[in-house]
Novice: 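First the structure, then my questions, so here it is.
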Amino acid sequence: MSDVLDILDVERPHTPEITRESIIGDRKKKKKLSDVPFKRPEGMHRELFALLYSDNKDNAPMFATDDKGYKQNKAKLGLKRVRPWKWMPFTNPARKDAAIFHHWRRIEDEGEEYAFAKFNKAVPIPEFTNDEYLQHLQIEGWTQQETDHLFDLCQRFDLRFIVIQDRWDKSRFASRSVEDLKERYYNICNILAKIHAVGNIEPKLIAYDSEHERKRKEQLIKLYDRTPEQVEEEQTLLNELRKIELRKKEREKKTQDLQKLITAADSSQGETKRLEKKGPKKKVVQQKNIKAESTSVDSAGIKFADFKGSGVTLRSQRMKLPASVGQKKAKAIEQLLKELDIEPNPIPTDDICLHFNELRSDMVLLYELKLALGSCEFELQTLRHQTEAMLPIKKEIIDPAPTVSMVLENGGKRE
């Protein structure tokens with residue numbers, strides 16, 4: 001009650017002053033022997049016990065609160081007199097009619113500007129004289145009265161051109177679109193900025209492309225007016241485009257893999273011929289280098305393990321197929337070794353390890369080349385059938401395209 005009397009600046013009756021001691025009391029609370037902290041039962045987790053009880057043995061709240069159990073909120077009692085408030089008049093600078101309003105305000109803030117006046121932001125609209133209009137702003141299709149009306153609406157509605165176009169006086173002037181109004185306004189702003197430029201300072205111009213805006217709105221209208229059948233057709237075309245792109249990526253990947261296999265086969269053949277030519281002229285140093293390189297055979301077919309670490313290893317481990325070789329390739333290697341009448345587990349000498357690993361690597365390369373050859377022939381056959389279906393011409397007229405096997409048999413030349 002005393003706070004209300006202070007705000008209203010009403011004299012209070014003579015009552016004793018309220019102090020902290022009169023509210024709380026100066027006597028300290030004595031601890032009772034019964035206020036023994038409740039111990040956590042054995043077997044109960046500390047987090048669960050903290051949820052159940054607080055230090056004052058209060059039960060857990062029925063709903064979530066911001067008050068934390070470990071912190072006791074204390075009442076903050078102010079001992080100073082409250083600042084007086086007054087019912088005083090004020091004016092809003094945003095209003096042009098000088099209307100007077102009233103509100104409660106602190107006495108020390110009397111005479112200051114209205115607090116919300118800082119939010120009264122107005123868009124600066126350029127002004128021009130009659131001479132400037134006659135010299136620089138005249139264009140065909142716009143009169144001075146229309147231009148003045150446009151700038152008056154821009155001033156009233158803060159460049160909200162949708163509202164400006166709605167409030168356009170169609171009884172006095174011709175109907176204008178939003179793009180026409182914007183184009184006229186921004187052109188005048190740019191011309192006035194160039195006229196009022198001081199010195200060599202480049203004025204900041206506003207770029208507005210009315211033709212682009214018209215096309216954009218036309219496209220939006222066409223997009224909005226689509227029928228469900230057209231939307232479904234567009235989605236179907238997009239799905240087909242994605243499938244075509246996926247097939248294109250797969251073909252590119254197959255082409256790269258095939259090119260790698262061909263390059264590896266050519267390099268292995270060239271290396272074999274080079275070794276055959278230099279075979280009788282080998283020296284002891286070259287044999288030592290070959291033995292050192294035999295520990296790791298890295299080719300396009302199989303990458304065998306490299307045993308260069310410390311410790312004892314067996315030569316038979318060098319001939320062990322790595323885990324990267326699949327079951328199909330392993331069976332293909334076994335089949336080729338059986339056809340060539342070669343033991344699958346020969347005696348692991350240095351030369352045998354080196355040449356046996358190179359042989360199996362070449363076998364895997366041959367296996368991969370055969371698979372690539374079969375895939376290419378299948379694709380060529382499929383494309384031939386599609387071409388014949390699209391162009392129904394007699395087979396005698398069409399020159400049959402050579403298969404990959406025919407090209408390889410002819411030495412890579414087409415007859």
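Please read all numbers here as calculations on a predicted model, not as lab measurements.
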Novice: Using the test side-chain hydrogen bond (donor to acceptor under 3.5 Å, both in side chains), find all partners of R242 that sit at least two apart in sequence or belong to another chain.
Specialist: N239

Novice: State which residues pass side-chain hydrogen bond (donor to acceptor under 3.5 Å, both in side chains) with Q144; sequence neighbours excluded, sorted by chain then number.
Specialist: N130

Novice: Please list, one pair per line, the donor and acceptor atoms closer than 3.5 Å that link side chains of residues 228-238 to other protein atoms, with sequence neighbours excluded.
Specialist:
unit_1	atom_1	unit_2	atom_2	d
Q230	OE1	T227	N	3.2
E234	OE1	R226	NH1	2.2
T236	OG1	E232	O	2.8

Novice: With side chain to side chain donor-acceptor pair (under 3.5 Å) as the rule and sequence neighbours excluded, what pairs involving residues 161-183 come up?
Specialist: E146-R176, D169-S171, S177-D180, E179-K217, D180-R214, E183-S210

Novice: Tell me, please, which residues at least two apart from H196 pass ring pair (Phe, Tyr, Trp, His ring centres under 6.0 Å).
Specialist: none

Novice: Taking only residues two or more places apart in sequence or in another chain, which ones pass side-chain hydrogen bond (donor to acceptor under 3.5 Å, both in side chains) with D97?
Specialist: R95

Novice: Can you sort out the partners of E339 under salt bridge (charged side-chain N to carboxylate O under 4.0 Å, His left out), two or more places apart, ordered by chain and number?
Specialist: none

Novice: Under 3.5 Å, which donor-acceptor pairs do the side chains of residues 115-125 form with other protein atoms, sequence neighbours left out?
Specialist:
none

Novice: What's the spacing between L205 CG and N190 CG if we round to 0.5 Å?
Specialist: 4.5 Å

Novice: According to the salt bridge (Lys or Arg N to Asp or Glu O under 4.0 Å) rule, which pairs have a member within residues 130-144, sequence neighbours left out?
Specialist: none

Novice: Taking atom CD of Q327 as the centre, report whether more than 12 heavy atoms of other residues, nucleotides or ligands fall under 6.0 Å from it.
Specialist: no

Novice: Which residues pass the ring pair (Phe, Tyr, Trp, His ring centres under 6.0 Å) test with F157, not counting sequence neighbours?
Specialist: none

Novice: Which residues pass the side-chain hydrogen bond (donor to acceptor under 3.5 Å, both in side chains) test with R105, sequence neighbours left out?
Specialist: none

Novice: Holding to ring pair (Phe, Tyr, Trp, His ring centres under 6.0 Å), I want the full list of residues that pass it with F151, two or more places apart in sequence or in another chain.
Specialist: F128, Y185

Novice: Has R46 got more than 12 heavy atoms of other residues, nucleotides or ligands less than 6.0 Å from its CZ?
Specialist: no

